[in-house]
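Scroll down for the structure; my scribbles are underneath it.
A note on names: the letters A, B, ... follow the listed sequences, proteins ahead of strands, and every chain is numbered from 1. What you are looking at is a predicted structure, and each value in this text was computed from that prediction instead of being measured.
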Amino acid sequence: MVNKKFYITTPIYYPNDIPHVGHAYTTIAADILSRWFRIRGYDVFFLTGTDDHGKKIALAAEKAGKSPKKFTDSLIPKFKEAWKKLNIKYDRFIRTTDKDHEKIVQEILQKTYDKGDIYKGEYEGYYCIGCEAYYTEKDLENGCCPIHKTKIEKLKEETYFFKLSKYQKALLDFYKKNPDFISPKNRRQEIINRVKEGLNDLSISRTSFNWGIPLPFDKKHICYVWQDALYNYYSATRQKGKEKYWPTNIHLIGKDILWFHSVYWPAFLISAGISLPNCVFAHGWWTFDKEKISKSRGKVINVDELVAIAGVDSARYFLFREGVFGEDSDFSEKILIERHNNELANKLGNLVSRVTNLAEKNQIQKTTNNLLKKLKLKQIEKLIKNYELDKALNLIFEFIDICNEYVQNKKPWETKDKKVLYELVDSIKAIAILLWPFIPETSEKIAKQIGFKIKFDEIKKPIPANKIKKSEILFKKI
RNA sequence: AGCGGGGUGGAGCAGUCUGGAGUGCUCGCGAGGCCCAUAACCUCGAGGUCGGUGGUUCAAAUCCACCUCCCGCUACCA
């Protein structure tokens with residue numbers, strides 16, 4: 001039997017950023033889902049990467065005295081290290097400078113051009129020479145550049161346009177037929193309303209700089225950011241053996257780029273005659289101690305800082321337990337530590353500690369695990385399939401409480417009941433397997449300690465009545 | 001301005017779609033229990049007219065209308 005496939009992506013990030021909590025959130029979410037579908041037996045392809053092209057990069061490279069390629073090469077390790085640090089297991093790290101990507105982008109652009117969806121025109125905007133960038137009217141302050149405070153001029157540039165307006169109806173039809181395409185559903189109406197208001201054609205090329213992919217039908221022009229970037233999701237599946245993964249099951253993104261993914265992206269694909277992704281899931285933003293994260297105000301928390309607070313697993317756990325997946329949440333070091341202490345150390349850690357200790361002293365004896373019946377496995381599976389990660393975690397931790405209660409009520413330290421201890425050890429196994437996508441390091445420690453494999457089917461397989469040793473402390477309190 | 005989201009015991013949140021005793025979670029507070037465990041764990045309790053007004057209904061936090069306050073988005077900007 002052929003396994004079902006699951007293809008998941010994160011956005012490709014701008015490499016001159018420092019990987020921070022926002023990047024980490026999306027990427028961990030993708031990691032959790034891909035791990036989950038892997039243990040459920042799916043053939044998973046998890047893609048992340050960087051968007052190396054664009055004017056900002058070209059300028060930053062110039063400033064650093066490097067070629068853009070060399071410059072981005074030097075930035076990529078930061079991201080790879082961050083993901084390693086967060087225990088993220090992606091299948092490919094794509095860069096928009098990858099040869100296979102460039103080739104695919106050009107092929108599709110040519111196709112789109114041949115179809116007549118790209119035409120030459122003029123782009124008009126407010127151009128600041130100091131910034132070497134265009135601004136929209138509302139960006140200006142009294143007609144001046146917001147950064148240089150200098151008078152700004154209206155400039156025209158020859159550019160190619162994509163006929164986005166042509167796809168208004170097709171998009172609306174598509175949304176109607178695929179109600180889950182834009183998720184969570186409260187964002188859906190927002191997009192639909194805006195699309196109904198009408199779509200402008202999209203300027204897709206620039207001649208003012210050359211760090212990008214040249215248009216195949218006019219080499220003077222380079223493809224401008226979005227088209228180049230969005231196609232990465234597709235080009236990654238044009239590699240040999242990877243074709244089966246298209247279309248994407250879920251594009252995980254931040255709500256700030258939902259418009260591009262739910263409007264431009266399907267329009268580009270329809271135009272190129274490519275089948276459309278199943279779902280674009282826009283999650284919320286992190287505020288920091290109730291304030292919006294902004295670099296200028298120093299309210300960013302980067303991956304190193306995040307992990308330094310209480311470790312990888314606590315960070316991963318916190319991000320998905322705090323708040324509803326899909327909505328905004330507030331990041332606070334204090335609350336992360338609270339959750340680490342109260343939930344991971346006191347509930348989960350302590351449960352493992354007391355049970356393994358009792359099991360070491362008294363041994364365990366195989367029996368039917370009635371305790372496990374209280375685990376709402378079906379519901380948990382359903383929640384994760386609907387990407388309701390916070391709710392799934394709630395149910396798993398509800399079961400941890402039930403286990404702690406069970407220890408309390410059955411008093412195995414008094415009765416020395418080997419069967420009760422067996423039930424508990426077997427239940428911890430189930431907990432560890434279910435938590436593996438969220439806190440892999442901890443689950444693996446538990447698995448090693450008790451002696452089982454992290455596979456979904458193992459949840460229902462009775463654990464062999466091995467000798468158990470008291471576990472080390474899983475989460476030290478802070 | 002338009003569109004979207006929100007206002008639930010002291011704090012932070014679920015619950016609202018698919019109405020059914022104010023149910024639940026984390027923390028804080030009060031009392032007790034346990035002693036296996038990471039001074040952890042378990043039980044009980046105090047505390048809310050579910051933003052306001054009106055409507056539908058046998059029944060509304062939940063559905064409808066209006067009002068009020070908070071927050072976000074408004075496009076070629078990753």
| field | Consecutive-pair stems (3 or more, Watson-Crick or G-U, under 3.5 Å) for RNA chain B | value | B:1-7 with B:68-74, B:10-14 with B:23-27, B:29-33 with B:41-45, B:51-55 with B:63-67
Could you state the atom-to-atom distance from [atom1] of [X] to [atom2] of [N] in whole Å?
{"X": "A:Asp228", "N": "B:rC77", "atom1": "CG", "atom2": "P", "result": "15 Å"}
{"X": "A:Asn409", "N": "B:rC44", "atom1": "CG", "atom2": "C1'", "result": "14 Å"}
{"X": "A:Glu122", "N": "B:rC76", "atom1": "CD", "atom2": "C1'", "result": "17 Å"}
{"X": "A:Gln379", "N": "B:rG24", "atom1": "CD", "atom2": "P", "result": "17 Å"}
{"X": "A:Ile335", "N": "B:rG28", "atom1": "CD1", "atom2": "C1'", "result": "13 Å"}
{"X": "A:Phe320", "N": "B:rC13", "atom1": "CZ", "atom2": "C1'", "result": "17 Å"}

| Pairs in or reaching into residues 401-422 of chain A: which pass ring-ring contact (aromatic ring centres under 6.0 Å, His included), with residues at least two apart or in two chains? | none
| request: For RNA chain B, determine which residues of residues 165-173 of chain A have any heavy atom closer than 4.0 angstrom to one of its atoms, and list them numerically. | output: none
| request: Could you check which residues of residues 389-402 of chain A get a heavy atom under 4.0 Å from RNA chain B? Sort them by number, please. | output: A:Lys391, A:Asp401
| task | Verify the ring-centre separation between A:Tyr317 and A:Phe320: is it less than 6.0 angstrom? | result | no
| message | Can you confirm whether more than 12 heavy atoms, excluding those of A:Lys445, are under 6.0 Å from its NZ atom? | response | yes
| query | Sub-3.5 Å donor-acceptor pair from the side chain of A:Gln168 to the main-chain atoms of A:Val195, do we have one? | reply | yes
| Would a distance-only check, ignoring hydrogens and angles, find a side-chain to backbone donor-acceptor pair under 3.5 Å from A:Asp31 to A:Thr27? | no
| query | Once the angle between the rings of A:Phe268 and A:Tyr264 is folded into 0 to 90°, is it parallel (under 30°), tilted (30 to 60°) or perpendicular (over 60°)? | reply | tilted
| request: Hey, can you tell me if A:Tyr233 and A:His261 have their rings parallel, tilted or perpendicular (30° and 60° cut-offs)? | output: tilted
| remark: Per-nt protein contacts along nucleotides 35-40 of chain B (heavy atom under 4.0 Å; B base, S backbone sugar-phosphate only, - none) come out as SBBB-S
| message | So if I apply the side-chain contact (heavy atoms from CB on, under 4.5 Å) rule between A:Ile431 and each of A:Leu372, A:Leu351, A:Val352, which one comes out positive? | response | A:Leu351
| remark: Across all chains, not counting sequence neighbours, the salt bridge (Lys or Arg N to Asp or Glu O under 4.0 Å) partners of A:Lys120 are A:Glu158
| request: Could you tell me whether the side chains of A:Thr48 and A:Thr10 share a donor-acceptor contact shorter than 3.5 Å? | output: yes
